Amino acid sequence: MKIIKKLAIHASIGLALLSPNIHANDELTDNIIETVSVTGTREDKNTDALAESVEVLNQAIIENVNASHPSELINRSAGVHINNLGGEGHMTAIRQPITTRGVYLFLEDSVPIRPAGFFNHNALYEVNIPQSRQVEVVKGPGTALYGSEAIGGMINTLSQQPPKGLTTKINIEGGSFGWQRYLLSAGDSSEHHGIIVSGNFTQSDGYREASEYDRQSGNIRFDNHFDNLSLKTLVTYTAVNQQGVSTLTEDDYKNNPKKNVYHGDTGFREVSAFQLSTEVTLDLSDKHQIRLIPFYRNNKTSMAPSWMITYDPNQRETEFQSYGLLTNYGWDISPTTQWLMGVDIDVTPSRFEESAIVHTQEGEIYTGFTKDALNYDFDAEQHAISPYVRLEGQWIDNVILSVGLRYDYFAMDYTDNLDTEETTFNKQLNKPVTHYRPENQSLTFTQFSPKFGLVYQYADFHNLYMNYRHAFSTPSISKLFRSGSTVNSDKLKPIKADSIEFGLKGLMSPWLAYELALYHMEMTDDLVDVIIDDNRNTVNAGETEHQGVELTLKGDITHELAYALAYSHTKQKYNRFSYRGGAGNVDVSNNNVAKAPESTGNLSLLYAPAAIDGLKLTAEWSHLGPYYVEETNLNTYEGHDIFNLRAAYQVNDMLGLYLKGHNMTDKRYSTYTSARPGTDKITYRVGNPRSFAAGLRLAF
């Protein structure tokens, strides 16, 4: 299309303007120019041509940040906050509060790493982010192309391409609290074929007591190219073993932050995640292309939920497999019009088994547990079929219009394998605990998801965009059928959202590339966990409103100094929100949404002195604003500001050295602060104090 070609020409001109500085600060400069995203449209697009806000974190940034936790990399995006719950555990806040709900979609090479209905808020630890080629963060709904759960946003990790010529890379790193990481990769390619193999071996003792963590993950990618056919096969596997970490009272948070009352595998989590996919791209002609991605997943999780120890202690095993196919057909109808259509199919059989457990204790320290009677044993098989269409064109000069529509159909077949009483006596709590189990049944959910977008190039290097997007998230299998004390959990409804967004993107000069986004989102049938008589119940609880502004600025201050600023300010409130709580009916309408930070920010300054070729020094400010810690808005976490430093020196083509320091002012801060509604019993998750890591990179 004409405007897309113009945008590519403008990018080339911008590259020429910036080229004198590329040697000094390629991390930031590359990210201004090489802004090609595949997530928003399922094909390569310059982000300037997209009617949405997309942050592209390229390989130069990934290597310079060298993140020990996903938050260290992804929080460089405006309006994005990922916290650190220990190991690589996390929650996410993108145009939403810090939450465990299924309102985000995580992908690898544009394939969701989990099927709809199996969301895990920690799931980014199933992806090998440190060895990825690029990470893309789409802010706002992506449902029209990707389906359920893409409400707040999407995070897509793209795999490394096979290198041109035999290449081996080794990265060895060690640091505070027993931190060790070994990244290994090797690959080669010829004219038609290529392969790259990567491995990530990480372990840490953790800052807190008894908070060990380790992971092993590997990727193998095969590329094959022929005249009009290309194949990309990706095999990934990750194993995670993570010990549970308890919350802290205010006194312990201030005076004994290393304390952890969970010892002896209490609150543990073991995960194995395998995924295989092959992307088949067939060019039928210059105007017609077919892409097919068959995939297979096998995921097993064993865990003892730490948050349930005081009211329903249990240990559970979850297993699912997926057999699926993503398809799309692209047709360039004319030089100004493009048609995309396809069908996504996913079949996921799963098994859930849960046992009550009895902990042993020494004082307040949990030292281990033994299994007791079964609470749950059920099978659930989910079938999903989702056709979609997208039409994009330039029918008005300098304007790109796009419309999309997706239809999602989910069928879930549930079978309870137990024939026991639903209320049993829990030996640890010394009282009966209820575990409701729905009758054997089949459920269906259907949803239409429309999308409309507009991009207007009002001047060279400057674009305005707007969009409307509808999104939804089906209740998870565990919410529907692992009822606990929730009556009629199988009657839960999908969360629904409607979003409108306006934005500006542009390049003023080598010292200023900018993006400004303003959005307003309304959600209905939001899912919330409420505490009633020490029992946790899940309900659809009314309407919420989420709005904010996101600003990104980046560029070169001088030939040696570059910067990147990401900042957001949000206002999130309960429009109509009430539920039955332990103290009777709780109505928090017009209150601020709990755990919704008022602001987030990140500023990086990168100095690459011309006098010392290969040296990079980075100073970083990471900001989290205040938020209410519970729905009644009685208590607030004040937020925090963290300062980090990084230094890297490329000695020669073979050897690089680096040092990174986290929380250089040794600030006491909490990564997640919460309380029960209407109480002052605030709990904290303490962040790491000042810490360091050093490493070396070898390439040959």
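From a predicted model like this one, the values you see are computed outputs, not experimental measurements. These numbers come from the heavy atoms of this one structure, side chains and all, not from hydrogens, waters or symmetry mates.
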Asks: Hey, does F320 have a side-chain heavy atom less than 4.5 Å from the side chain of S322?
Replies: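 Heavy-atom side-chain distance check passes, below 4.5 Å.
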Asks: For A594 versus Y574, what's the shortest heavy-atom pair and its separation?
Replies: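 It is N-OH, 3.0 Å.
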Asks: Ignoring hydrogens, what is the shortest heavy-atom contact between T446 and Y407? Give both atom names and the distance.
Replies: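 Scanning both residues completely, I find the closest heavy atoms to be CG2-OH, 3.2 Å.
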Asks: Can you tell me if T327 uses its side chain to pair, donor with acceptor, with the backbone of V343 under 3.5 Å?
Replies: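 Yes, T327 side chain to V343 backbone: donor-acceptor pair under 3.5 Å.
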Asks: Is the ring centre of F502 less than 6.0 Å from the ring centre of H520?
Replies: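 Ring-ring flag for F502/H520: false, centres at least 6.0 Å apart.
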Asks: Run the salt-bridge test on K139 and E515 with the 4.0 Å N-O cut-off and return the result as yes or no.
Replies: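 E515 and K139: not salt-bridged.
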Asks: Pairing donors with acceptors under 3.5 angstrom, does anything connect the side chains of Q289 and D283?
Replies: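 The answer is yes; a qualifying pair exists.
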Asks: Please tell me whether E522 and N575 have a donor and an acceptor in their side chains that are separated by less than 3.5 angstrom.
Replies: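 Side-chain D/A pair, E522 to N575: absent.
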Asks: Hey, does the side chain of K451 reach the backbone of R406 with a donor-acceptor pair shorter than 3.5 angstrom?
Replies: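 No: the side chain of K451 does not pair with the backbone of R406.
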Asks: Could you check whether N83 and H90, counting side-chain N and O atoms only, form a donor-acceptor pair closer than 3.5 Å?
Replies: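 Distance-only check fails for H90 and N83.
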Asks: If you measure only the distance, is there a donor-acceptor pair under 3.5 Å linking the side chains of T600 and S568?
Replies: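 Yes - a donor-acceptor pair under 3.5 Å links their side chains.
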Asks: For the residue pair E55 and E136, establish whether any side-chain heavy-atom pair is separated by less than 4.5 Å.
Replies: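 Answer no - side chains too far apart.
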Asks: With side chain to side chain contact (heavy atoms under 4.5 Å, CB included) as the criterion, how do F118 and I477 come out once you've worked through the C-alpha distance, each side chain's angles and the decisive distance to 0.1 Å?
Replies: CA-CA 7 Å; F118 293 84; I477 294 294; 3.6 Å; yes
Asks: Can you tell me how far CD of E550 sits from CZ of R95, rounded to the nearest 0.5 angstrom?
Replies: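 That separation rounds to 4.0 Å.
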Asks: For F378 and Y376, take the angle between the two ring planes, folded into 0 to 90°, and tell me which bin it lands in: parallel under 30, tilted 30 to 60, perpendicular over 60.
Replies: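 Plane angle over 60°, so perpendicular.
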Asks: Could you tell me if the side chain of M341 sits less than 4.5 Å from the side chain of W331, heavy atoms only?
Replies: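 No, their side chains stay 4.5 Å or more apart.
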Asks: Can you tell me if S589 and R576 form a side-chain donor-acceptor pair at under 3.5 Å?
Replies: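 S589 vs R576: no donor-acceptor pair found between side chains.
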Asks: Are any of the side-chain heavy atoms of Y329 and H288 separated by less than 4.5 Å?
Replies: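 Yes; the side chains approach each other to less than 4.5 Å.
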Asks: Is R482 close enough and on-axis enough to F352, meaning under 6.0 Å and within 45°, for cation-pi?
Replies: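 Pair R482/F352 does not count as cation-pi.
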Asks: Any donor-acceptor pair under 3.5 Å linking the side-chain atoms of Y296 with those of Q321?
Replies: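 Yes, a side-chain donor-acceptor pair sits under 3.5 Å.
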Asks: Could you tell me how the ring of Y104 sits relative to the ring of F119: parallel (under 30°), tilted (30 to 60°) or perpendicular (over 60°)?
Replies: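 Tilted: the ring planes of Y104 and F119 meet at 30° to 60°.
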Asks: Do any pairs count as a salt bridge (charged side-chain N to carboxylate O under 4.0 Å, His left out) and have a residue in residues 378-389, sequence neighbours left out, and if so which ones?
Replies: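 Every pair satisfying salt bridge (charged side-chain N to carboxylate O under 4.0 Å, His left out) with a residue in residues 378-389: R351-D379.
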Asks: Where do T474 and G117 come nearest, in terms of heavy atoms and distance?
Replies: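 Closest pair (atom of T474, atom of G117, distance): OG1-N, 4.2 Å.
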Asks: How long is the span from the CG atom in D498 to the CZ atom in F472, to the nearest 0.5 Å?
Replies: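 Here the rounded value is 13.0 Å.
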Asks: Is a salt bridge present between R469 and E501, judged by a nitrogen-to-oxygen distance below 4.0 Å?
Replies: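 Yes.
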Asks: Can N128 and T238 be counted as having a side-chain donor-acceptor contact under 3.5 angstrom?
Replies: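 The criterion, which ignores hydrogens and geometry beyond distance, is not satisfied for T238 and N128.
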Asks: Hey, which of T236, D346, T348 is the one that makes side chain to side chain donor-acceptor pair (under 3.5 Å) with R297?
Replies: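 It is D346, the one option of T236, D346, T348 that forms the side chain to side chain donor-acceptor pair (under 3.5 Å) with R297.
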Asks: Do D286 and D332 have side chains that get closer than 4.5 Å, going by heavy atoms?
Replies: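 D286 does not reach D332 side chain to side chain.
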Asks: Measure from the side-chain N and O atoms of T143 to the backbone N and O of A150, and report whether any donor-acceptor pair falls under 3.5 Å.
Replies: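 Confirmed, T143 side chain pairs with A150 backbone.
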Asks: Is there side-chain contact between N298 and K300, with at least one heavy-atom pair below 4.5 Å?
Replies: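 A side-chain contact exists here, since the closest heavy-atom pair is under 4.5 Å.
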Asks: Begin from the C-alpha positions of T157 and I113 and carry the test side chain to side chain contact (heavy atoms under 4.5 Å, CB included) through to its verdict.
Replies: CA-CA 10 Å; T157 303; I113 63 174; over 6 Å; no
Asks: Specify the closest pair of heavy atoms between N156 and L158, including all atoms of both residues, with the distance to one decimal.
Replies: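 The pair with the smallest heavy-atom distance is ND2-CD2, 3.7 Å.
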Asks: What pair of heavy atoms forms the shortest contact from Y468 to P450, and how long is it?
Replies: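 For Y468 and P450, the tightest heavy-atom pair comes out as CE2-CG, 4.1 Å.
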Asks: Indicate yes or no for a side-chain donor-acceptor contact from N540 to the backbone of D525 under 3.5 Å, with no hydrogens or angles considered.
Replies: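 Judged by distance alone, yes, a pair lies under 3.5 Å.
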Asks: Should the pair R114-E126 be classified as a salt bridge under the 4.0 Å nitrogen-to-oxygen rule?
Replies: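 The answer is yes: the pair qualifies as a salt bridge.
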Asks: Which residue is it: T47, V455, N467? I am looking for the one with a side-chain contact (heavy atoms from CB on, under 4.5 Å) to E52.
Replies: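 So the option named by the test is N467.
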Asks: If you define the side chain from C-beta out and look only at heavy atoms, does anything of E108 sit under 4.5 Å from N219?
Replies: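 Side-chain contact under 4.5 Å: yes.
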Asks: Quick one, Q131 and I62 - any side-chain contact, counting heavy atoms below 4.5 Å?
Replies: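 Not touching, per the 4.5 Å side-chain cut-off.
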Asks: Side chains of H546 and T544: donor-acceptor distance under 3.5 Å anywhere?
Replies: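 Yes, side-chain donor-acceptor contact under 3.5 Å.
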Asks: Under 3.5 Å, side chain of N440 to main-chain N/O of D416, donor-acceptor pair present?
Replies: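 The answer is yes, because a donor-acceptor pair under 3.5 Å joins these two groups.
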